[in-house]
Amino acid sequence: MKVKKAVITAAGLGTRVLPASKSMPKEMIPIVDTPAIQYIVEECVRAGITDILIILSRGKHVVEDHFDRSPDLEKRLADTGKTELLQQMIDIAHMADITYIRQQEQLGLGHAVLCAKNFVGNEPFAVLYGDDVIIGEDPAIAQLCRAYEKYKKGIVGIKEVPTEDVVRYSSMKVRALDDGYFDITDMIEKPKPEQMFSNYSILGRCVLPPEIFDILERIPTGANNELQLTDAMKQLAVSKTMIGVDFTGKRYDMGNKLGILKAAIDVGLSRSDLHDGLAEYIKQKAAEL
């Protein structure tokens with residue numbers, strides 16, 4: 001079965017990027033001139049997914065506004081002859097069939113995904129974490145969707161991370177297969193160093209079967225007294241195994257100030273209209289260090 005639906009979790013408070021996130025959702029922080037969450041929606045669309053649910057929290061209506069039409073802005077662009085920019089604004093509103101739901105309490109990633117139960121129904125679905133922008137020629141979520149079609153099991157996007165970072169993410173018990181695929185037979189959220197299985201962590205992407213909802217409804221809260229999605233996926237991994245995909249593409253943690261800066265620099269350097277000026281500026285600053 002092909003994966004047709006995606007859930008983007010974007011209800012977090014963004015405390016790591018305060019004060020910016022006090023008045024602007026962290027998902028709307030721009031990478032050069034495009035909000036982070038637009039990169040994530042575009043990744044879904046490039047993977048052939050156009051039925052998208054974005055899970056928000058109070059005060060994040062600006063995300064909905066971004067993917068809506070803006071008649072006043074469009075009229076101004078049309079009147080001033082900025083037709084190319086006008087078309088870009090119209091295209092944003094038509095790139096996908098996007099619906100929204102509010103997570104009324106911040107009870108963890110697992111709870112956020114559980115809010116999508118009615119939207120998903122009885123079919124597999126992609127989950128994309130709103131903090132994580134992954135840029136590459138082959139959309140990361142498309143790589144996971146292909147793995148689901150091949151193995152018919154729950155899929156997680158994984159990468160090896162430094163040991164000091166594993167305790168902030170998760171740790172996978174893995175066995176290498178082929179083509180960057182791994183069998184996963186156990187996992188743990190935010191492990192203590194002595195609990196680590198490996199340096200492979202889940203980074204921002206997964207494709208899950210609908211049975212994950214039954215698991216989420218019966219498991220207890222975990223780390224930080226929240227309902228952890230990793231704890232539910234652990235049950236899948238132990239009972240049926242899951243598949244890890246060491247995806248290609250570069251990940252940027254948009255809930256981290258340094259991650260935001262790195263994303264802006266890399267994207268700026270990739271743009272023909274910005275490369276020369278930005279490269280020259282970087283060289284000048286490097287000479288001063």
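Model, not experiment: these values are computed from the prediction.
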Please test Thr248 against Gln143 for side chain to side chain donor-acceptor pair (under 3.5 Å), starting from the C-alpha separation and ending with a verdict.
CA-CA 8 Å; Thr248 61; Gln143 298 172 50; 3.0 Å; yes

Measure the spacing between CD of Gln104 and CZ of Arg58 and express it to the nearest 0.5 Å.
8.5 Å

Hydrophobic cluster membership, with links at side-chain heavy-atom distances under 4.5 Å among I/L/V/M/F/W/Y: are Val133 and Leu144 in one?
yes

Asp131 and its salt bridge (charged side-chain N to carboxylate O under 4.0 Å, His left out) partner, picked from Lys26, Arg251, Arg205
Lys26

Note: Asp65-Lys60 ion pair, threshold 4.0 Å (strictly below)
no

Return yes when atom CD of Glu164 has more than 12 non-hydrogen atoms of other residues, nucleotides or ligands closer than 6.0 Å, and no otherwise.
yes

Would you say the ring centers of Phe213 and Phe125 fall short of 6.0 Å from each other?
yes

Quick test of your reading of the model: are Lys173 and Asp183 salt-bridged, counting only N-O distances below 4.0 Å?
no

Between Ile37 and Phe67, does the side chain to side chain contact (heavy atoms under 4.5 Å, CB included) criterion hold? Intermediate values first, please.
CA-CA 10 Å; Ile37 197 165; Phe67 292 104; 3.8 Å; yes

Output yes when Lys234 and Asp186 qualify as a salt bridge under the 4.0 Å nitrogen-oxygen rule, no when they do not.
yes

Salt-bridge contact Lys262-Asp253 (side-chain N to carboxylate O under 4.0 Å):
no

At what distance, to the nearest 0.5 angstrom, does OG of Ser201 lie from CG of Asp165?
8.0 Å

Out of curiosity, Ile55 CD1 to Ile8 CD1, how far, rounded to the nearest 0.5 Å?
9.5 Å

Using a strict threshold of under 4.0 Å (side-chain N to carboxylate O), is an ion pair present between Glu211 and Lys240?
yes

I'd like to know if the side chain of Ser57 and the backbone of Ala11 have a donor-acceptor N/O pair within less than 3.5 Å.
yes

Criterion side chain to side chain contact (heavy atoms under 4.5 Å, CB included) on Gln235 and Arg218, from CA distance to verdict
CA-CA 11 Å; Gln235 293 203 10; Arg218 68 172 185 262; 3.4 Å; yes

Could you tell me whether the side chain of Thr50 and the main chain of Ala96 form a donor-acceptor pair under 3.5 Å?
no

Can a donor-acceptor pair be found, under 3.5 Å and without considering hydrogens, that links the side chain of Ser171 to the backbone of Ile188?
no

Closest heavy-atom pair, Gly259 versus Met254, reported as atoms and distance to 0.1 Å, is O-SD, 4.5 Å

Considering all heavy atoms of both residues, which atom of Gly59 and which atom of Pro25 are nearest to each other, and what is their separation?
O-CG, 4.4 Å

For the CG atom of Leu114 and the CD1 atom of Ile215, what is their distance to the nearest 0.5 Å?
11.5 Å

Under 3.5 Å, side chain of Glu43 to main-chain N/O of Ile141, donor-acceptor pair present?
yes

Does a salt bridge link Arg76 with Asp72, judged by any charged N lying under 4.0 Å from a carboxylate O?
no

Taking atom NZ of Lys150 as the centre, report whether more than 12 heavy atoms of other residues, nucleotides or ligands fall under 6.0 Å from it.
yes

Is there a continuous path of hydrophobic side-chain contacts, each under 4.5 Å between heavy atoms, that joins Tyr200 to Leu177?
no

Take a 6.0 Å sphere around CG of Asp33 and say whether it holds more than 12 heavy atoms from other residues, nucleotides or ligands.
yes

Salt bridge Asp138-Arg146, side-chain N to carboxylate O under 4.0 Å
yes

Taking all non-hydrogen atoms of both residues, which atom of Ala6 and which atom of Cys44 are closest, and how far apart?
CB-SG, 3.8 Å

The test is side chain to side chain donor-acceptor pair (under 3.5 Å); show your working for Thr163 and Asn199 and say whether it passes.
CA-CA 6 Å; Thr163 299; Asn199 283 61; 3.0 Å; yes

Would the distance check show the side chain of Glu64 and the main-chain N or O of His61 forming a donor-acceptor pair, the cut-off being under 3.5 Å?
no

Backbone N/O of Gly136 and side chain of Lys250: donor-acceptor pair under 3.5 Å
no

Can Gln87 and Asp91 be counted as having a side-chain donor-acceptor contact under 3.5 angstrom?
yes

The test is side chain to side chain contact (heavy atoms under 4.5 Å, CB included); show your working for Thr15 and Ser21 and say whether it passes.
CA-CA 7 Å; Thr15 54; Ser21 55; over 6 Å; no

Would you mind checking if Lys4 and Glu123 are paired as a salt bridge, meaning a charged N to carboxylate O distance below 4.0 Å?
no

Before you tell me yes or no, could you show the steps for His111 and Glu226 under side chain to side chain donor-acceptor pair (under 3.5 Å), namely the whole-Å CA-CA distance, both residues' side-chain angles and the distance that decides it to 0.1 Å?
CA-CA 8 Å; His111 179 264; Glu226 295 178 337; over 6 Å; no

Are more than 12 heavy atoms from other residues, nucleotides or ligands located less than 6.0 Å from atom NZ of Lys22?
no

Please evaluate residues Leu53 and Cys115 with respect to the criterion side chain to side chain contact (heavy atoms under 4.5 Å, CB included), reporting the C-alpha separation (whole Å), side-chain torsions for both, the decisive distance (0.1 Å), and the verdict.
CA-CA 10 Å; Leu53 174 68; Cys115 292; over 6 Å; no

Which pair of non-hydrogen atoms, one from Val17 and one from Lys257, has the smallest distance, and what is that distance?
CA-CE, 3.9 Å

Atom pair CD (Glu84) and CG (Leu77), whose distance is rounded to the nearest 0.5 Å:
11.5 Å

Just by modelled atom types, is the Leu258 backbone N or O under 3.5 Å from a matching donor or acceptor in the Asn256 side chain?
yes

Report the distance from atom CG of Leu86 to atom CG of Leu73, rounding to the nearest 0.5 Å.
8.0 Å

Is the CZ atom of Arg271 crowded by more than 12 outside heavy atoms at less than 6.0 Å?
yes

Any chain of hydrophobic side-chain contacts (each under 4.5 Å) joining Ile134 to Val161?
yes

Verify the cluster assignment for Ile202 and Val174: are they in a single hydrophobic cluster under the rule of side-chain heavy atoms below 4.5 Å apart?
yes

Heavy-atom closest pair, residues Cys145 and Val3
SG-CB, 3.7 Å

As a quick check of understanding, evaluate salt bridge (Lys or Arg N to Asp or Glu O under 4.0 Å) for Lys159 and Asp246, giving each step before the final call.
CA-CA 6 Å; Lys159 284 286 183 187; Asp246 190 353; 3.1 Å; yes

Using only heavy-atom distances, determine whether the side chains of Lys153 and Thr241 contain a donor-acceptor pair under 3.5 Å.
yes

Could you check, using the six-membered ring where one of them is a Trp, whether Tyr252 and Tyr39 have ring centers closer than 6.0 angstrom?
no

Does the pair Glu288 and Gln284 meet the rule for a side chain to side chain donor-acceptor pair (under 3.5 Å), with working shown?
CA-CA 7 Å; Glu288 298 172 9; Gln284 291 175 6; over 6 Å; no

Is there a chain of hydrophobic side chains (I, L, V, M, F, W, Y, each step under 4.5 Å between heavy atoms) that links Val167 to Phe197?
no

Looking at Asp273, I'd like to know if its CG atom is crowded, meaning that more than 12 non-hydrogen atoms belonging to other residues, nucleotides or ligands lie closer than 6.0 Å.
yes

Of all heavy-atom pairs linking Pro191 and Met196, the shortest is CG-CG, 3.9 Å

Check: Glu105 main-chain N/O paired with Gln103 side-chain donor or acceptor under 3.5 Å:
yes

Does Thr34 reach the main-chain N or O of Ile31 with its side chain, forming a donor-acceptor pair under 3.5 Å?
no

